[in-house]
Amino acid sequence: MIHATLHQLKVFETTARLQSFTKAAEELSIKQPTVSSQIKQLTQTVGLPLFEQIGKQLYLTNAGEELLSTCHDIFARLDNFEMTVADLKGVKEGKLCLTVVTTGKYFIPRLLGSFCQIYPHVDVSLQVTNHHQIHQRMLENKDDLYILSKPPEDIDLERRAFLDNPLVVVAPKNHILSNQKNIPLSKLQNFPFILREVGSNTRKVIHKIFDDHNLEIQVRLELGSNEAIKQAIIGGLGLSVLSKHTLTSSCYEELCILDVETFPIHESWYVTHLSGKKLSVVAQTFLDYLLVESENYTADRQYDLAHSHH
Ligand code: PGA
């Protein structure tokens, strides 16, 4: 492999990722025959086919899969090296890959805004998704940092809790329970509920609390987003349990939080990364920034803002 060039590896990685010689040529701004010849030379060096073409579809062989994961390691090391050099020169630059859980989008983008003002050369990629997908991304080592409320037990992670994540029962503003105090959980059985999709931690929490108390939940509707659920609650389709962070101050014009026993359920947000992973300079800088900045933030801020006028 000592004869393989970095350029060949780059061509290979691009082709594998895009599953097409033509698209790889486009992305790399080189000619398609160049892609083919680079792959051919690399195949000779390896001594085994890297791709298999079936019909129009390009597949990686086992050797191709192995080489692809080796390429990821090599490129990650090189990226890291570039960041370290930039850091030695006194600038923070490079790429930051983050995945945050759905409810994190009410907080993290703003924090990234202020972070990027201090470090304008940092290039950020932010994915927002549910717990199941984050778990998947962790297994594939896709990101530098993951922000979520239930770090999986089966993956070796470094974790730091940094912010309260209260889950509350949400109803339309003039709901008949809206003025009652300490509503027994069993009363919720009489109302239809809107649940998040399978794979969502919020959904799991609701099921668990009903199961633990031997209560039946009436599921009216399933929706794949917290925003859609809020609209459905306003539309009178049912109640739901949501992270308080999803309730921005304007929501309180049309929604309210019910005072139900055992609620709020107190979870935390964790910032995590794979234990074996050496954090890049940029990822470490963001992690430190997050831990400091989040001290000034709580989920109650929006609630307080909405209620301060009354
Ligand atoms: P979920 O998690 O999107 O998987 O439901 C949200 C949360 O834990 O706040």
Side-chain angles (χ1 to χ4, degrees), residues 97-112 125-140 142-143 145-155 157-171 188 193-212 217 219-233 237-249 251-252 255 257-258 260 262-274 290-291 293-294 297-303:
C97 293
L98 279 182
T99 288
V100 309
V101 79
T102 58
T103 54
K105 77 168 183 195
Y106 299 92
F107 167 64
I108 299 297
R110 258 182 283 168
L111 187 92
L112 272 173
S125 145
L126 173 69
Q127 301 288 324
V128 180
T129 183
N130 71 20
H131 273 76
H132 176 72
Q133 297 295 336
I134 297 187
H135 185 258
Q136 219 47 41
R137 293 183 72 87
M138 285 173 168
L139 290 175
E140 292 168 23
K142 288 255 188 184
D143 307 284
L145 299 169
Y146 306 86
I147 292 168
L148 75 175
S149 43
K150 267 268 168 328
E153 302 289 332
D154 59 341
I155 299 181
L157 295 171
E158 301 280 330
R159 64 185 77 189
R160 292 281 295 268
F162 69 94
L163 199 60
D164 187 30
N165 183 21
L167 300 182
V168 292
V169 183
V170 184
L188 296 184
F193 263 77
I194 308 162
L195 290 191
R196 285 275 307 283
E197 75 287 359
V198 176
S200 143
N201 179 54
T202 316
R203 175 190 174 108
K204 265 197 203 145
V205 171
I206 309 181
H207 273 310
K208 181 163 187 320
I209 196 148
F210 274 79
D211 286 351
D212 286 353
I217 181 165
V219 181
R220 173 75 163 282
L221 182 67
E222 266 185 35
L223 290 174
S225 101
N226 298 315
E227 285 304 305
I229 290 185
K230 288 192 296 190
Q231 294 305 321
I233 299 172
L237 284 164
L239 307 179
S240 194
V241 171
L242 293 172
S243 160
K244 201 169 175 185
H245 288 282
T246 66
L247 302 174
T248 51
S249 52
C251 292
Y252 290 104
L255 293 171
I257 296 175
L258 298 183
V260 180
T262 77
F263 281 92
I265 296 172
H266 283 282
E267 302 210 306
S268 290
W269 270 336
Y270 290 86
V271 54
T272 71
H273 62 86
L274 299 179
L290 174 74
L291 295 176
E293 290 299 309
S294 56
Y297 196 95
T298 71
D300 295 327
R301 199 171 80 164
Q302 301 296 336
Y303 182 85

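Both counts, for ligands and for their atoms, begin at 1 and track the order of listing. The structure displayed is predicted, hence computed values, not measured ones. In what follows, residues are counted from 1 in the order of the sequence shown.
Of the candidates Val241, Val260, Leu247, Val168 forms a side-chain contact (heavy atoms from CB on, under 4.5 Å) with just one, namely Leu247.
Two residues are said to be in side-chain contact when any heavy atoms from C-beta on lie closer than 4.5 Å; Glu267 and Asn201 meet this criterion.
The backbone N or O of Ile194 sits less than 3.5 Å from a side-chain atom of Ser240, completing a donor-acceptor pair. Side-chain atoms of Arg220 come within 3.5 Å of backbone N or O of Leu237 as a donor-acceptor pair.
When only interatomic distances are considered, the shortest N/O to N/O separation between Trp269 and ligand 1 does not fall below 3.5 Å. By the 3.5 Å distance cut-off applied to N or O atoms, Asn130 is not counted among the residues near ligand 1. Between Ser243 and ligand 1, a contact under 3.5 Å exists for no N or O pair. Residue contacts with ligand 1: Arg203 is placed with no nitrogen or oxygen under 3.5 Å of a nitrogen or oxygen of the ligand (distance criterion only).
Here the protein heavy atom with the shortest distance to atom 3 (O) of ligand 1 is Thr102 OG1, 2.5 Å. In terms of protein heavy-atom proximity, atom 9 (O) of ligand 1 is closest to Thr103 OG1, 2.7 Å. For atom 6 (C) of ligand 1, the closest non-hydrogen atom on the protein side is Thr202 OG1, 3.5 Å.
The side chain to side chain contact (heavy atoms under 4.5 Å, CB included) search around Val198 returns Arg203, not counting sequence neighbours.
Scanning Asn201, Asn226, Thr129 for the heavy atom closest to atom 1 (P) of ligand 1 points to Asn201.
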Open item on the list: Assess the residue pair Asp143 and Gln127 against the criterion (side-chain hydrogen bond (donor to acceptor under 3.5 Å, both in side chains)); give the C-alpha distance rounded to whole Å, side-chain angles, the decisive distance to 0.1 Å, and a yes or no.
Closed with: CA-CA 9 Å; Asp143 307 284; Gln127 301 288 324; over 6 Å; no
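Using bins of under 30°, 30° to 60° and over 60° for the plane-to-plane angle, the ring pair Trp269/His245 lands in the parallel bin.
Against a heavy-atom cut-off of under 4.0 Å, Val101 is close to the following atoms of ligand 1: 1 (P), 2 (O), 3 (O), 4 (O), 6 (C). If you number the atoms of ligand 1 from 1 as listed, the ones under 4.0 Å from a heavy atom of Ser149 come out as 7 (C), 8 (O), 9 (O). Every atom of ligand 1 is numbered from 1 in the order shown, and the set under 4.0 Å from a heavy atom of Arg196 is 1 (P), 3 (O), 5 (O).
Contacts between Leu148 and ligand 1, counted as non-hydrogen atom pairs separated by less than 4.0 Å, are absent for every part of the residue.
Rounding to the nearest 0.5 angstrom, the gap separating the CD1 atom in Ile265 from the OG atom in Ser243 is 11.5 Å.
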